[in-house]
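Accompanying notes for the structure given below.
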There are 2 protein chains.
Amino acid sequence: MREYIEQISGKLPDEAWILYQQNLKAMRSEKGQLILGLHKPCKTIWHMTKGAVRKLEMDNGIEKTTHFYVAPKVFTVLHSALTGEPSDLSIISEEDCEFLTLDIDQLKILYQQSIYIERVGRRMAEEEFIEEFSMRRMFLKLDALQRYEYLEKKHPEILRRFQLKDVATFLGVTPETLSRLRKLRLSV
Amino acid sequence: MREYIEQISGKLPDEAWILYQQNLKAMRSEKGQLILGLHKPCKTIWHMTKGAVRKLEMDNGIEKTTHFYVAPKVFTVLHSALTGEPSDLSIISEEDCEFLTLDIDQLKILYQQSIYIERVGRRMAEEEFIEEFSMRRMFLKLDALQRYEYLEKKHPEILRRFQLKDVATFLGVTPETLSRLRKLRLSV
DNA sequence: GAATCCACTTGACAAATGATAAGTTCGAAG
DNA sequence: CTTCGAACTTATCATTTGTCAAGTGGATTC
């Protein structure tokens with residue numbers, strides 16, 4: 001996990017890493033298990049060392065997938081974690097997973113104790129922002145088929161590890177439409 | 001500008017603000033002027049104190065608006081600023097504007113000198129991430145009419161200060177479609 | 001191994017959006 | 001004042017995508 005974080009933030013002094021690591025707790029989840037339930041405030045940063053999870057929202061009774069995460073990956077529900085408000089997103093294990101968890105309030109203390117940890121937070125937020133923007137650009141520039149092909153090319157592991165119905169809502173189309181697009185692509 | 005930044009980052013010690021402020025340079029632009037040209041590396045953080053700008057990308061010869069910014073606002077092209085690569089986005093003045101500019105390389109030095117400035121960077125990145133995600137969710141949940149109504153409700157100033165053709169591409173539809181949606185909405 | 005469930009696919013039709021072309025309005029330039 | 005150009009609108013038709021309904025296949029359970 002240190003290696004993964006340093007890849008984003010740059011090299012950390014041992015002291016900073018030790019301080020950070022002291023506050024991590026091990027946790028597991030089984031496939032199908034809810035990591036964060038709807039309407040619960042998100043108080044945790046998950047450092048996923050094994051497995052895969054999916055973030056989703058409900059829209060008139062229909063699940064819409066907003067994110068796929070595959071280990072190693074650090075994630076949270078930021079707008080809930082920062083404000084303490086109930087999360088409008090849920091997180092579910094799509095495989096058996098292993099995590100190191102970090103409490104949000106603890107992280108805020110760590111930010112005050114180490115400029116290096118503050119930097120980790122900045123660099124992660126920057127990278128997440130860039131990724132979010134890149135996904136929004138998909139919707140501005142590409143039609144449904146092109147979005148699927150883009151996903152297939154850039155994140156082929158998502159197609160291997162998650163269900164197509166969830167890939168469909170992630171791409172902003174119905175599962176029926178995705179099915180038709182895939183057929184169309186094969187015949188060309 | 002200090003007040004605007006502190007609203008995001010929390011209160012700054014005077015020393016941190018003075019350090020930051022010393023590196024800002026005043027700049028103006030006229031309506032229609034290009035602030036950042038396509039394919040130029042983005043080396044600047046703009047602190048817009050007056051005016052309004054638009055960020056856009058080209059897609060097969062068609063302009064697609066990705067962001068509207070209205071003063072007071074701090075913005076850059078982050079993926080270019082971080083890597084030094086040419087920007088695939090341009091920025092244009094939609095009104096006469098006034099800025100305080102900050103050089104990216106200088107900012108990186110400031111990050112090392114003050115945990116408070118590092119914190120400003122983190123908090124801004126976090127807020128931008130949340131805003132980006134909120135915009136992507138529009139595309140996952142709402143059809144074109146609902147996206148327009150959402151924009152009208154949440155950011156009415158955008159409809160007042162920018163052109164409808166640019167609002168259209170920002171919403172992911174053609175100007176003709178936006179025109180039809182607006183008519184439809186009036187008749188209801 | 002039979003029954004069941006759920007993901008995935010397919011088909012037919014409806015609705016939303018795009019593409020093209022033409023008309024209108026308004027402000028800027030001469 | 002007149003002309004011009006660009007933004008915006010409107011109309012028509014083509015294409016894409018959604019909706020609803022039914023069918024297929026594979027995995028799980030009893």
Side-chain angles (χ1 to χ4, degrees), chain A residues 30-34 52 54 56 58-65 68 92-96 136 138-152 158-188, chain B residues 30-34 52 54 56 58-65 68 92-96 136-152 156 158-188:
Chain A
E30 291 180 2
K31 178 172 176 171
Q33 188 179 332
L34 212 55
R54 183 167 65 91
L56 57 104
M58 295 307 292
D59 178 23
N60 285 106
I62 312 276
E63 268 189 17
K64 300 279 169 78
T65 296
F68 296 110
I92 188 168
S93 284
E94 294 290 332
E95 304 175 1
D96 292 346
R136 181 162 64 92
M138 278 196 336
F139 288 93
L140 292 180
K141 299 178 76 157
L142 307 180
D143 64 21
L145 175 59
Q146 291 170 323
R147 293 201 295 277
Y148 174 74
E149 290 173 338
Y150 178 84
L151 185 71
E152 191 179 33
I158 287 182
L159 292 172
R160 283 199 308 274
R161 298 176 77 162
F162 298 91
Q163 296 190 345
L164 286 175
K165 73 182 172 67
D166 297 325
V167 171
T169 63
F170 178 76
L171 292 174
V173 297
T174 59
E176 293 91 337
T177 295
L178 178 58
S179 188
R180 263 181 251 122
L181 295 177
R182 282 163 53 85
K183 186 182 180 185
L184 204 138
R185 204 185 49 79
L186 288 174
S187 66
V188 173
Chain B
E30 291 180 3
K31 178 171 175 171
Q33 188 180 330
L34 213 55
R54 184 167 65 90
L56 57 105
M58 295 308 292
D59 177 23
N60 284 108
I62 312 276
E63 268 190 17
K64 299 279 169 80
T65 296
F68 296 111
I92 188 166
S93 283
E94 295 290 331
E95 304 174 3
D96 292 348
R136 180 162 64 93
R137 286 174 89 170
M138 280 196 334
F139 288 93
L140 292 180
K141 298 178 79 159
L142 307 180
D143 64 21
L145 176 59
Q146 292 171 322
R147 294 201 295 277
Y148 173 74
E149 289 173 340
Y150 178 83
L151 185 71
E152 191 180 30
I158 288 181
L159 292 173
R160 284 199 307 274
R161 298 177 77 161
F162 298 92
Q163 297 190 344
L164 286 174
K165 73 184 173 64
D166 297 324
V167 171
T169 62
F170 178 76
L171 291 174
V173 297
T174 59
E176 293 88 343
T177 293
L178 179 57
S179 188
R180 257 181 271 129
L181 296 177
R182 282 162 54 85
K183 185 183 179 185
L184 203 138
R185 205 185 48 80
L186 288 174
S187 65
V188 175

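Heavy atoms only: backbone and side chains are in, while hydrogens, waters and symmetry mates are out. Below, chain A is the first sequence line, B the second, and so on; all start at residue 1.
Rounding to the nearest 0.5 Å gives a distance of 10.5 Å between NZ of A/K31 and CD1 of A/I92. Separating the CD1 atom in B/I62 from the OG1 atom in B/T169 is a distance of 9.5 Å, to the nearest 0.5 Å. To the nearest 0.5 Å, atoms CD (A/E149) and CG (A/L181) are separated by 9.0 Å. Note that CG of A/L145 and CG of A/L178 are 10.0 Å apart. Values are rounded to the nearest 0.5 Å. Expressed to the nearest 0.5 Å, how far CZ of A/F170 lies from CZ of A/R147 amounts to 10.5 Å. Expressed to the nearest 0.5 Å, how far CZ of B/R136 lies from CZ of A/F139 amounts to 6.5 Å.
Look at CZ on A/F162: it is 15 Å from P on C/dA7, rounded to the nearest Å. For the pair B/K183 NZ and D/dA7 P, the interatomic distance rounds to 22 Å; values are reported in whole Å. When the P atom of D/dG18 is taken as reference, atom CD of B/Q146 falls 13 Å away, rounded to whole Å. Put simply, CG on A/L184 is 14 Å from C1' on C/dT10, counting in whole angstrom units. Rounded to whole Å, atom C1' of D/dT17 lies 16 Å from atom CG of B/L142. Rounded to a whole Å, the CD1 atom of A/I62 is 12 Å from the C1' atom of D/dG18. Atom CG of A/L159 and atom C1' of C/dA7 are 15 Å apart (whole Å).
Taking the side chain as every heavy atom from C-beta outward, A/L159 and A/E152 approach each other to under 4.5 Å. Contact annotation: the side chain of B/K141 never approaches that of A/N60 to less than 4.5 Å [non-hydrogen atoms, C-beta and beyond].
Considering only side-chain N and O atoms, B/K31 lies nowhere under 4.0 angstrom from the phosphate OP1 or OP2 of C/dA28.
With axes fitted over five pairs at each extremity, the angle between the ends of the helix from C/dG1-D/dC30 to C/dG30-D/dC1 is 40° (10° resolution).
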When every nucleotide of nucleotides 16-25 of chain C is labelled 5' to 3' by its protein contacts under 4.0 Å (heavy atoms), B for base, S for sugar-phosphate only, - for none, what sequence of letters results?
-BBBB-----
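In this structure, B/F68 and B/F162 have tilted ring planes: the angle between them lies in the 30° to 60° band.
Taking only side-chain atoms of A/K165, from C-beta outward, the nucleotide of D/dT9, C/dG11, C/dC8 with the closest atom is C/dC8.
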